[in-house]
Amino acid sequence: METKLFTNTIMVNSSTQTAKTLLENVQNILKWDYEIVEVTPIGAHKFKLYRKHGALNQQEIIKVEVGRNEVSYVSTMGKVEYRVIWTIDEVNATQTSLSQTLYLEKSVLTSLAKVISSVVQNAFAGNLQVLKHLCELEEVA
């Protein structure tokens, strides 16, 4: 059972396809999440992520699930298991609404996570800002 922690949303000056393409390829996470230091493919739509020392999940497995207007990252094998659902909605041909929603799998850390959720939400929002800029740069390229 999952517990929803928060949703962050941002307007991006790029097409939905640009945002979706960047999110589908987890290797791109190295460009917008500076805590991630290595991404290793381990199977179809599965990757092993390595983070800087001090992170709660220094290593984890990410499975990528792609829908029509969503990309989900399902994290397992770390201290905290979670799901990030990226929702990609077209506002117009050159503008996209991009949302990230974080769900935690039930664990002993769920109670603690609710207490520190604003800190986690701010960290995710910072990464979302970097992803926005990356999408906009890709759109121009």
Side-chain angles (χ1 to χ4, degrees), residues 1-110 112-141:
M1 177 148 193
E2 294 178 323
T3 301
K4 179 180 176 181
L5 277 191
F6 59 80
T7 299
N8 290 323
T9 303
I10 197 166
M11 296 302 290
V12 180
N13 294 315
S14 75
S15 68
T16 56
Q17 190 56 50
T18 297
K20 190 172 183 182
T21 299
L22 282 170
L23 289 167
E24 286 176 343
N25 181 354
V26 176
Q27 296 286 348
N28 288 319
I29 201 169
L30 293 166
K31 298 175 184 176
W32 55 267
D33 187 336
Y34 300 123
E35 195 173 89
I36 307 292
V37 294
E38 184 179 341
V39 176
T40 304
I42 58 171
H45 309 290
K46 281 190 176 182
F47 303 84
K48 189 165 190 175
L49 270 58
Y50 299 89
R51 285 192 168 79
K52 293 179 181 178
H53 295 293
L56 196 53
N57 280 357
Q58 288 185 337
Q59 297 179 24
E60 64 189 285
I61 304 296
I62 296 286
K63 180 179 178 192
V64 179
E65 299 172 349
V66 179
R68 190 177 67 75
N69 69 331
E70 284 185 356
V71 176
S72 297
Y73 294 172
V74 181
S75 172
T76 58
M77 308 296 287
K79 291 180 182 175
V80 177
E81 295 188 351
Y82 62 90
R83 174 187 302 263
V84 178
I85 298 177
W86 301 91
T87 305
I88 307 156
D89 293 314
E90 182 177 336
V91 175
N92 58 49
T94 61
Q95 199 169 40
T96 298
S97 173
L98 181 60
S99 298
Q100 57 180 185
T101 303
L102 177 64
Y103 295 89
L104 288 184
E105 290 295 326
K106 284 289 185 193
S107 76
V108 294
L109 297 173
T110 303
L112 175 63
K114 287 183 179 181
V115 172
I116 63 167
S117 67
S118 63
V119 173
V120 175
Q121 185 172 10
N122 286 336
F124 271 67
N127 286 339
L128 187 58
Q129 281 287 336
V130 177
L131 180 58
K132 167 190 166 57
H133 295 298
L134 181 61
C135 287
E136 292 170 352
L137 286 173
E138 289 290 318
E139 193 70 25
V140 173

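Nothing here was measured: the structure is a model prediction, and the numbers come from that model. Numbering of residues begins at 1 and proceeds along the displayed sequence.
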May I have all residue pairs that pass salt bridge (Lys or Arg N to Asp or Glu O under 4.0 Å) and include part of residues 125-135, sequence neighbours excluded? K132-E136
Residues R83, E65: salt bridge by 4.0 Å N-O rule: yes
Set of side chain to side chain donor-acceptor pair (under 3.5 Å) partners for N25, sequence neighbours left out: none
With F124, which residues qualify under ring-ring contact (aromatic ring centres under 6.0 Å, His included), at least two apart? F6
Separation between CE (M77) and NZ (K63), nearest 0.5 Å, reads 14.5 Å
Would you list the atom pairs, donor with acceptor, under 3.5 Å between side chains in residues 40-50 and any protein atom, with sequence neighbours excluded?
from: T40; atom 1: OG1; to: E38; atom 2: OE2; distance (Å): 3.2
from: K48; atom 1: NZ; to: Q59; atom 2: OE1; distance (Å): 3.2

Tightest non-hydrogen contact, residues V37 and L30, listed as C-CD2, 3.8 Å
Sequence neighbours excluded, the answer for salt bridge (Lys or Arg N to Asp or Glu O under 4.0 Å) partners of K20 is none
Indicate the atoms forming the closest heavy-atom contact of T9 with S99, along with that distance. OG1-OG, 2.8 Å
Looking at CD of Q27 and CD1 of I36, how far apart are the two atoms once the value is rounded to the nearest 0.5 Å? 11.5 Å
Is a side-chain N or O of N57 found less than 3.5 angstrom from the main chain of K79, in a donor-acceptor match? yes
Name all residues meeting the side-chain contact (heavy atoms from CB on, under 4.5 Å) criterion together with T21; count only those two or more places apart in sequence or in a different chain, and write none if there are none. Q17
Does the side chain of L128 reach to within under 4.5 Å of the side chain of L98, using non-hydrogen atoms? yes
State, to 0.1 Å, how close T96 and S14 come at their nearest heavy-atom pair, and which atoms those are. OG1-O, 2.7 Å
After noting the C-alpha distance and the side-chain angles of L104 and L5, does the key distance pass the side-chain contact (heavy atoms from CB on, under 4.5 Å) rule? CA-CA 7 Å; L104 288 184; L5 277 191; 3.7 Å; yes
In a table with atom names and distances, give each donor-acceptor pair under 3.5 Å that connects a side chain of residues 84-93 to protein atoms at least two apart or in another chain.
from: D89; atom 1: OD1; to: N69; atom 2: ND2; distance (Å): 2.9
from: N92; atom 1: OD1; to: T94; atom 2: N; distance (Å): 2.9
from: N92; atom 1: OD1; to: T94; atom 2: OG1; distance (Å): 3.2
from: N92; atom 1: OD1; to: Q95; atom 2: N; distance (Å): 3.0

CG of N28 to CG of L131: how many Å apart, nearest 0.5 Å? 9.0 Å
Mind checking what makes side chain to side chain donor-acceptor pair (under 3.5 Å) contact with Q129, not counting sequence neighbours? none
Shortest non-hydrogen separation from Y73 to V26 and the atoms involved: CE2-CG2, 4.0 Å
Kindly write out the residues that satisfy side chain to side chain donor-acceptor pair (under 3.5 Å) with Q121, not counting sequence neighbours, or none if the list is empty. N8
Does any non-hydrogen side-chain atom of L23 lie less than 4.5 Å from one of W32? yes
Going through the checks in order, is the side-chain contact (heavy atoms from CB on, under 4.5 Å) test met by V120 and L102? CA-CA 10 Å; V120 175; L102 177 64; 3.9 Å; yes
Looking at A125 and Q100, what are the two nearest heavy atoms and their distance? N-OE1, 3.7 Å
Determine yes or no for a side-chain-to-main-chain donor-acceptor pair under 3.5 angstrom, with N122 supplying the side chain and S118 the backbone. yes
With a 4.5 Å heavy-atom cut-off, do Y34 and V130 have their side chains touching? yes
Run the side chain to side chain donor-acceptor pair (under 3.5 Å) test against S15 and tell me which residues pass, sequence neighbours left out. T18, E139
